[in-house]
There are 2 protein chains.
Amino acid sequence: MKESRFQQWQHERPGAARKGHMVTIYDIARAAGVAKSTVANVLSGKGKVSEATRQRVLYYARELGYRPNLLARNLSQHRTFTVALILPTIANPFYPEIMEAIEHILRQRDYQTLFCNTHGDFALGRQQMERLMSRWVDGYIIMGSSMDIADIAHYFRQGVPIVLCDWQENESPSDIPQVTVDFFRAGQLAAEHLLALGHRRIAVIVDEPQQHLRLEGFRTTLRQAGLELPPDRIALGDSSLESGYAAARQLLSVGQELAPPTAIFATNDWMALGAMELVLDRGLRVPEDISIVGLDDIVVSAHLRPPLTTIAIPKTRLAQEATELLLAQIEAASREQGHELPLAGEGNDGAPQRQAETAPLRLVPPSLVVRQSTAAPVSS
Amino acid sequence: MKESRFQQWQHERPGAARKGHMVTIYDIARAAGVAKSTVANVLSGKGKVSEATRQRVLYYARELGYRPNLLARNLSQHRTFTVALILPTIANPFYPEIMEAIEHILRQRDYQTLFCNTHGDFALGRQQMERLMSRWVDGYIIMGSSMDIADIAHYFRQGVPIVLCDWQENESPSDIPQVTVDFFRAGQLAAEHLLALGHRRIAVIVDEPQQHLRLEGFRTTLRQAGLELPPDRIALGDSSLESGYAAARQLLSVGQELAPPTAIFATNDWMALGAMELVLDRGLRVPEDISIVGLDDIVVSAHLRPPLTTIAIPKTRLAQEATELLLAQIEAASREQGHELPLAGEGNDGAPQRQAETAPLRLVPPSLVVRQSTAAPVSS
DNA sequence: GTGAAAGCGCTAACAT
DNA sequence: ATGTTAGCGCTTTCAC
């Protein structure tokens, strides 16, 4: 039976030796009258040990309250079984949700997750990355907008296991593995829904350029229906709720030649919430006066008044694929390096060790979730 | 000038040696023609080194693309400059918010934060703790409801730096330092507000027993106003939004001898949102038919329709105090152990090394935030 | 100022 | 089946 790397050791028994400092395998070895390596063999379940000594070692391990020192183990193994998850913020509920999903899956694979919040600050992101590179972690899952893609590419080309998650698929060099949502399709779905309801005066709130594909999918579908998206119907946000509020105000502001929109598509739920707040603050009704569509399907969206119609992102799926892609890299790296993970280059004299081939790109499909924030326009 | 532990090293220059494996101080030493220890001295800015060699070492460090190995450093220093933050869930937005605050402050102090989500599962919490105890982290900030207090006490008595955050102050052994909110007072504030508005038929949704103090504060104030809180006006939740919804349904369910309440106090915002959802689903109005008060002041609460009246918890303050209390312990431990942090006992033959004295308890005051989910009852 | 050497706790190859 | 030995990369005395 394969023993887990994280086998638990019991708490020391009441009277157990707790003098001196931490208990090491050497202490156990002495107590049990065997060699360090024998203890190591027992504890890792690897080498061959007689049942008798095995039991004796186990006994003393427990008796002395032994606890393995991961630092030492990692140092000698060149692996930490830890993965860093780098995200741009946790103020937008989308990120805690995906965090939870990724952490859960990683735990199942016996990996520890280390969260890093860059606050959307590239300099900070680089700094954190730099710190982590000091052999803290075996690989990285990097969420969109959290770091400078150039920095990431730099690390990746040195052989660091990395997977991009939730980026626009055309945003990054194609040699870095990534898993993301088909955002173009997401934009299409939103547009199709609004068009089907009969809307013609449609506006959008978007965080450019990071959400460009969502906009393009949306725009394309409108265009196919013979509708253009004039500049006055596009408001920029920064993905925050507040920016959604401000953008909506701008869209509804008077003194435009255009009639006010009957529907708004916000390229994420968090901004959509802000937009909805503004609309309601104006004394308008959702969806009667203005329909609103979001994107992400964060938990709260379903519990608002009215519940938000949105384009759902399959977060669990995203998490699974990302993890899979990353662990594959980690395993490969550890294999080809003789169980040593690459930190700097591996190879022959400065030759880049990664082929600039096309890496796997996994696009997961979004889906429309119709709730009560959208309806046919009344004035139609 | 004090050098940061996290001094950055530049990315290696284009043609820099990237062969073989990672660059160590030994490589630098060889290149610069000095001893390892001299390099170490330069890099740590500690020992005395002539400016000339200093520059030379620095030059080669950069040239070779040196990156310190934290694992090795930590192993030999017996410190990781990492703090674990253990929380019960991140589904409730309160936790991401406090996470952000704590991480921010810890970073200022040059500490890395390691988040651990126990999903409210004590067994899992213990398992994670056990893992972390293997010398991963220097100390722990443990949020309420995330672990079994008995387990925590066990570790603490072994000398592990721990601070409890956001627990009920009477919930834990008094020898563990803690910082929390005056929840009794919070309950009082909620009651005072509702009484002042003229409510008499008041109900509460509470996650017992973890939120007992909030309930007691509330109950006490009502009682002082001559109001009892009958069992049918108390519904139990588990802190989740869904449970708030269910609890509210129970409170409004027909067939009771009691008239329906005109106000509901939910002991956290997340449940309050659920309660509000149910009320609105029933076709009732908030606050006209039913007033709702929450507790936590999570970000979304302000953006709901109607915006939620709530008792605010000063999260930044909480984070500051918790960090302060923890770092003090870490410093103390590292000092008295000769720069070695205690893992198991330190002391003389099984004698518990912590006095069972009363540890610092910091209570931060909550405050009432009035928004539009509360108003005077109409039928009054 | 600089260097040699021991050690942190564990793993892993090689002897026995 | 068990023991010996040599690292992992860094810090830290303590001589020179």
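Worth knowing before you read on, the calculation uses all heavy atoms, side chains too, and leaves out hydrogens, waters and symmetry mates. Reminder, nothing fancy here: chain letters follow the sequence lines and each chain counts from 1.
Comparing Leu71(B) and Lys46(B) against DNA chain D, the residue whose closest nucleotide sits nearer the 5' end is Leu71(B).
Atoms OH (Tyr26(B)) and C1' (dT11(D)) sit 17 Å apart, rounded to a whole Å. For Asp27(A) and dC10(C), the CG to C1' distance is 13 Å, given to the nearest whole Å. Between the P atom of dG9(C) and the CZ atom of Arg79(A) lies a distance of 24 Å, rounded to the nearest Å. For Leu43(A) and dC10(C), the CG to P distance is 8 Å, given to the nearest whole Å. One atom, CG of Asn69(A), and another, P of dC10(C), lie 6 Å apart when rounded to the nearest Å. The distance between atom CZ of Phe81(A) and atom C1' of dC10(C), rounded to the nearest whole Å, is 14 Å. In this structure, Trp136(B) places its CH2 atom 17 Å from P of dG9(C), rounding to the nearest Å. As a whole-Å value, the separation of Gln77(A) CD from dT11(C) C1' is 7 Å.
For Tyr66(B) and dC10(D), the shortest distance from a side-chain N or O to OP1 or OP2 is below 4.0 Å.
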Look for any protein N or O under 3.5 Å of an N or O in nucleotides 14-16 of chain C and output each such pair with its distance, or none.
none

Polar atom pairs (N or O), protein with nucleotides 1-3 of chain C, under 3.5 Å:
{"unit_1": "dT2(C)", "atom_1": "OP1", "unit_2": "Ser50(B)", "atom_2": "OG", "d": "3.2"}
{"unit_1": "dT2(C)", "atom_1": "OP2", "unit_2": "Ser50(B)", "atom_2": "N", "d": "2.9"}
{"unit_1": "dT2(C)", "atom_1": "OP2", "unit_2": "Ser50(B)", "atom_2": "OG", "d": "3.3"}
{"unit_1": "dT2(C)", "atom_1": "OP2", "unit_2": "Thr53(B)", "atom_2": "OG1", "d": "2.7"}
{"unit_1": "dG3(C)", "atom_1": "OP2", "unit_2": "Ala35(B)", "atom_2": "N", "d": "2.8"}
{"unit_1": "dG3(C)", "atom_1": "OP2", "unit_2": "Thr38(B)", "atom_2": "OG1", "d": "3.0"}
{"unit_1": "dG3(C)", "atom_1": "N7", "unit_2": "Ser37(B)", "atom_2": "OG", "d": "3.0"}

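Every residue two or more places apart in sequence or in another chain that forms a side-chain contact (heavy atoms from CB on, under 4.5 Å) with Glu51(A) is listed here: Arg54(A), Gln55(A). In this view, Ile105(B) and Ala319(B), Gln320(B), Thr323(B) satisfy the side-chain contact (heavy atoms from CB on, under 4.5 Å) rule, not counting sequence neighbours. Contacts of Ser172(B) classified as side-chain hydrogen bond (donor to acceptor under 3.5 Å, both in side chains), with partners at least two apart in sequence or in another chain: Gln178(B). Residues satisfying the salt bridge (charged side-chain N to carboxylate O under 4.0 Å, His left out) test with Glu100(B), not counting sequence neighbours, are none. With sequence neighbours excluded, the residues that form a ring pair (Phe, Tyr, Trp, His ring centres under 6.0 Å) with Phe115(A) are Phe115(B). Under the side-chain contact (heavy atoms from CB on, under 4.5 Å) criterion, Ser50(A) pairs with Ala52(A), Thr53(A), not counting sequence neighbours. For Ala328(B), there are no side-chain contact (heavy atoms from CB on, under 4.5 Å) partners, not counting sequence neighbours.
A salt bridge does not link Arg126(A) to Glu130(A): none of the charged nitrogens lies less than 4.0 Å from a carboxylate oxygen. Salt-bridge formation is detected for the pair Glu331(B)/Arg79(B): a Lys NZ or Arg NE/NH1/NH2 atom is positioned less than 4.0 Å from an Asp or Glu carboxylate oxygen.
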For a quick test of your reading: what N or O donor-acceptor pairs under 3.5 Å do the side chains of residues 30-43 of chain A make, sequence neighbours left out?
{"unit_1": "Arg30(A)", "atom_1": "NH2", "unit_2": "Asp27(A)", "atom_2": "OD1", "d": "3.1"}
{"unit_1": "Asn41(A)", "atom_1": "ND2", "unit_2": "Ser37(A)", "atom_2": "O", "d": "3.4"}

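Side-chain atoms of Leu75(B) lie closest to dC8(C) of the nucleotides dC10(C), dC8(C), dC10(D).
Each end of the helix from dG1(C)-dC16(D) to dT16(C)-dA1(D) gets its own axis from five base pairs, and the two axes differ in direction by 40°, given to 10 degrees.
A donor-acceptor pair is defined here as one N or O able to donate and one able to accept, closer than 3.5 Å; such a pair exists between the side chain of Ser134(B) and the backbone of Pro68(A).
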